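Comments concern the structure below.
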Number of protein chains: 4
Amino acid sequence: MENNPAADQGQLEQDQWVQELLDLSEKEQVTPKQLSILRAAIDVFAEKGFSAAATSEIAQKAGVAEGTIFRYYRTKKELLLAIVVPTMSRMIAPFVLRNFSGVLDVPFESYEAFLKAFMLNRLEFVRRNLKIVKILIQEIPFQPALKEQLTENIFEQVLERVTTITEHFKAQGEVIDAPTPAIIRFTISAIVGYLLVRLLLMPEQDWDDEAEIEQTVSFILHGIGGNG
Amino acid sequence: MENNPAADQGQLEQDQWVQELLDLSEKEQVTPKQLSILRAAIDVFAEKGFSAAATSEIAQKAGVAEGTIFRYYRTKKELLLAIVVPTMSRMIAPFVLRNFSGVLDVPFESYEAFLKAFMLNRLEFVRRNLKIVKILIQEIPFQPALKEQLTENIFEQVLERVTTITEHFKAQGEVIDAPTPAIIRFTISAIVGYLLVRLLLMPEQDWDDEAEIEQTVSFILHGIGGNG
Amino acid sequence: MENNPAADQGQLEQDQWVQELLDLSEKEQVTPKQLSILRAAIDVFAEKGFSAAATSEIAQKAGVAEGTIFRYYRTKKELLLAIVVPTMSRMIAPFVLRNFSGVLDVPFESYEAFLKAFMLNRLEFVRRNLKIVKILIQEIPFQPALKEQLTENIFEQVLERVTTITEHFKAQGEVIDAPTPAIIRFTISAIVGYLLVRLLLMPEQDWDDEAEIEQTVSFILHGIGGNG
Amino acid sequence: MENNPAADQGQLEQDQWVQELLDLSEKEQVTPKQLSILRAAIDVFAEKGFSAAATSEIAQKAGVAEGTIFRYYRTKKELLLAIVVPTMSRMIAPFVLRNFSGVLDVPFESYEAFLKAFMLNRLEFVRRNLKIVKILIQEIPFQPALKEQLTENIFEQVLERVTTITEHFKAQGEVIDAPTPAIIRFTISAIVGYLLVRLLLMPEQDWDDEAEIEQTVSFILHGIGGNG
DNA sequence: GATGAATGAGTCTTCATTCAT
DNA sequence: GATGAATGAAGACTCATTCAT
């Protein structure tokens, strides 16, 4: 039951992120114990799913007593939300906050450049938050709190912002004059499709991300139809 | 807790399907009791998720005793698999079996016609098996049995078949000369993206499926890039 | 963990009563297991108090699995109420129902005869339900459900009935013309005082109940003042 | 969670008393923190019952850290006893100590005057220590330490003293020649009955204590029997 | 075949108590 | 002295599974 933060090198990057996440969300120091609870919870939730995850296992993996978890998070569900809500915010942050990640705000020369930058940016984000994203996707259908977030943020703020961007490029003639919702859906499908295959379905395959992204953006813009 | 199959007209179609499914998978008669267990299980699994679903609730909804479930399915997990495995098979059936649904075998005049027919066909399939598909997606990460199926069937059989098809159209000049896996991924992303938005994210919206499918196929073939 | 209903002879009388109680309240057969749960619960609640009583101890004493308790009573509190509410009803039954125990309905020749009969009757009742009465007294302050019962039944029905009786005897000149509430309070105090001392404070002492009751009734009627 | 002693004027009287109590029992200075722990504990014990009371809630209400309670009282039970034992002593003090409250020592002209003075005195006492008395009554059955006190003090000292007093008045012809224990029981029943109804069962009713006490004493002396 | 009572391991959660700071 | 983070045993309650009827 030792707690050796030095050992698990594979998680270093994610730890960094968890720290970031907490700094961001709370602006107050997070105890090492709380951190190891979060890390353990992320692992167990991702591996077993929220319902099937036992707080006893989380405690054990975190190297703390079971009661300690409940000092920080009153219920198991609150622990879930503490992990997942900030990530949800960060996931859509580029669409919501100006000058946040810079991806959407730097005036891109072209739609193509914009799409490439965006894909690369989100790929990096999901890669660094893979487990949390898995948990998030799994639990959205069962957690009203998350559904609400989704509705309020994605369907109201994000869609509006993305619509603006899309119509901007439409006006410039870089995007064809088709219904904006269909364009958005199609574009996001291609991007998300790549992320899923890349990170979840076939993560172990060798990937040349730059080339794949370029290819995908090319498909988005020109399709896969032949000369006919 | 009566079980009146006549009442729930909305499920008639699905019931029909469940019957089909069972006929197919077992080739032996399915008792009405077993059928109502399956139907109840589909409802509860879809609503609560597998882990959070209680067999007692399933029994209650099915109008049978708790013990009865375990006459037919030795464990809760077996009940899950009995629901989900045949649907998985049917989901990929068009790619695997010849002359099954006919979608892939009728020699289409064009890739475009093929894609449209395929989308419509799968849309109909998912629509009629929505809950089961939900369950399937939810549980794949946690059920090794399903993961295995996925690997063996999708990644070996389906991919091979789809590769063949794609390369056929490539040879005919209807599809550009890009890496086949990327083409496949891109195409399926667009299709699945549509299905998800259409049936899961915004099912209540009014949809003109024919137009949307046409639009999507057009995007797949020619992209969304402007004249530049 | 054997369950030998024949052995505990001391409880025979009470068992009889528990059976009675349940017959009365449910009019349906009570399983032996349920009965032993009730008996064990009565013992443990009386000994430790409701809050400090562990369902595990009740289960152990009843010779059943802990889960079994919760098949019959959804919560620990429900188990408490199942024990205590019917007794509460029976405790005040003589005041509420006509011809129930007969104590209040037979036209007594005198107030004295009435008081004696009533004391004897209630003494017997409390003696046979001692533990439950203990539990009842203990838990009334903390169980809103019981408080409500108390208010609705005691303060509305019982007081009204007792007032009628008292005023009947007042009219007959057997009771002095003092404020009825004071008379009632005083009378009940004397009776309850005897019951408490007799059964709770000094139960092991040798008691000549008839003589004591006669004495108490005499005090109630003529006081303890000397000839002065 | 501030603790502003100035605000709760309603408790001023009781606070005063708590101070008294502690001065009495310990003869050493009591810190403000200890005082607020005691006050909070009285509130919580009275409201929830000892077993159901959480030390964390007491700490919170007292405005101290959870650990602080255990600096002063090693266990929760010790805290209970610290509250309840001194009150128990004071409750029976008039019977035990000479010249303490003076109630029993001033040579009363009559048994009647004595009873009235005694009732008024105890009414005042219980009124000012209502919560503690509640706690005391609740916990006597479950705390051997309290039971022991009860046996040793009440049943040995108090009864002896009360017997002496009663027999004194018996000798003077003010009390009839009936068994002393019955007389005592009856008298105390009437007094305690009044206190309970007055302070616990119907505290919100308007009471004319002097008149009620006079009435009650009259009943004790002359009973409620009519001229018959 | 069908039942549903019974099980008991396992769940999340609480809480009195300790102890390093 | 005072804190409050940490503990871990114990609590009420759930639930998949069994089996006698």
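Bear in mind the structure is a predicted one, so any value in this text is a computation, not a measurement. Proteins come first, then strands; the chains are lettered A, B, ... in the order of their sequence lines, and each starts at number 1.
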May I have all residue pairs that pass ring pair (Phe, Tyr, Trp, His ring centres under 6.0 Å) and include part of residues 32-64 of chain B, sequence neighbours excluded?
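Those involving residues 32-64 of chain B are Phe45(B)-Phe50(B).
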Partner set under side-chain hydrogen bond (donor to acceptor under 3.5 Å, both in side chains) for [X], not counting sequence neighbours:
X	result
Glu57(C)	Lys48(C)
Gln149(C)	Asn153(C)
Arg74(C)	Glu78(C)
Thr68(A)	none

Would you kindly give the [atom1]-to-[atom2] distance between [X] and [N], to the nearest whole Å?
X	N	atom1	atom2	result
Leu35(A)	dA5(F)	CG	P	17 Å
Glu57(C)	dC13(F)	CD	P	16 Å
Lys48(B)	dA16(F)	NZ	C1'	16 Å
Gln60(A)	dA6(F)	CD	P	19 Å
Ile37(A)	dC12(E)	CD1	P	14 Å
Lys33(A)	dG4(F)	NZ	P	17 Å
Tyr73(C)	dT14(F)	OH	C1'	19 Å
Ile69(D)	dA5(F)	CD1	C1'	16 Å

Please work out which residues in residues 139-148 of chain C have a non-hydrogen atom less than 4.0 Å from an atom of DNA chain F and list them by number.
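Residues of residues 139-148 of chain C that come under 4.0 Å of DNA chain F do not exist, since none gets that close.
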Please determine if a side-chain N or O atom of Tyr72(C) lies less than 4.0 Å away from the OP1 or OP2 oxygen of dA5(E).
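Checking dA5(E) against Tyr72(C), no side-chain N or O comes under 4.0 Å of OP1 or OP2.
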Note, DNA chain F 5' to 3' with Watson-Crick or G-U pairs under 3.5 Å encoded as ( ), [ ], | and . gives .||||||||||||||||||||
Would you call Lys61(C) and Asp43(C) a salt bridge, using N to O less than 4.0 angstrom?
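No, no charged N to carboxylate O under 4.0 Å.
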Counting C-beta onward and ignoring hydrogens, is there a side-chain heavy-atom pair between Gln143(A) and Val84(A) closer than 4.5 Å?
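Side chain of Gln143(A) against side chain of Val84(A), heavy atoms only: no contact under 4.5 Å found.
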Any side-chain to backbone donor/acceptor pair from Lys76(D) onto Ala53(D)? Under 3.5 Å, distance only.
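Yes, because the side chain of Lys76(D) sits within donor-acceptor range (under 3.5 Å) of the backbone of Ala53(D).
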Kindly write out the residues that satisfy side chain to side chain contact (heavy atoms under 4.5 Å, CB included) with Ser51(B), not counting sequence neighbours, or none if the list is empty.
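Ser51(B) satisfies side chain to side chain contact (heavy atoms under 4.5 Å, CB included) with Ser51(A), Ala52(A) only.
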According to side chain to side chain contact (heavy atoms under 4.5 Å, CB included), who are the partners of Phe142(D), at least two apart in sequence or on a separate chain?
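Side chain to side chain contact (heavy atoms under 4.5 Å, CB included) list for Phe142(D), sorted by chain: Gln138(C), Glu139(D).
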Please write out the pairs of protein N or O atoms and N or O atoms of nucleotides 14-18 of chain E separated by less than 3.5 Å, giving the distance to one decimal.
| from | atom 1 | to | atom 2 | distance (Å) |
| --- | --- | --- | --- | --- |
| dA16(E) | OP1 | Ala53(D) | O | 2.9 |
| dA16(E) | OP1 | Lys76(D) | NZ | 3.1 |
| dA16(E) | OP2 | Thr55(D) | N | 2.6 |
| dA16(E) | OP2 | Thr55(D) | OG1 | 2.5 |
| dT17(E) | OP2 | Lys76(D) | N | 2.7 |

Stepwise side-chain hydrogen bond (donor to acceptor under 3.5 Å, both in side chains) test for Glu66(C) and Ser56(C)
CA-CA 6 Å; Glu66(C) 206 170 347; Ser56(C) 60; 4.7 Å; no
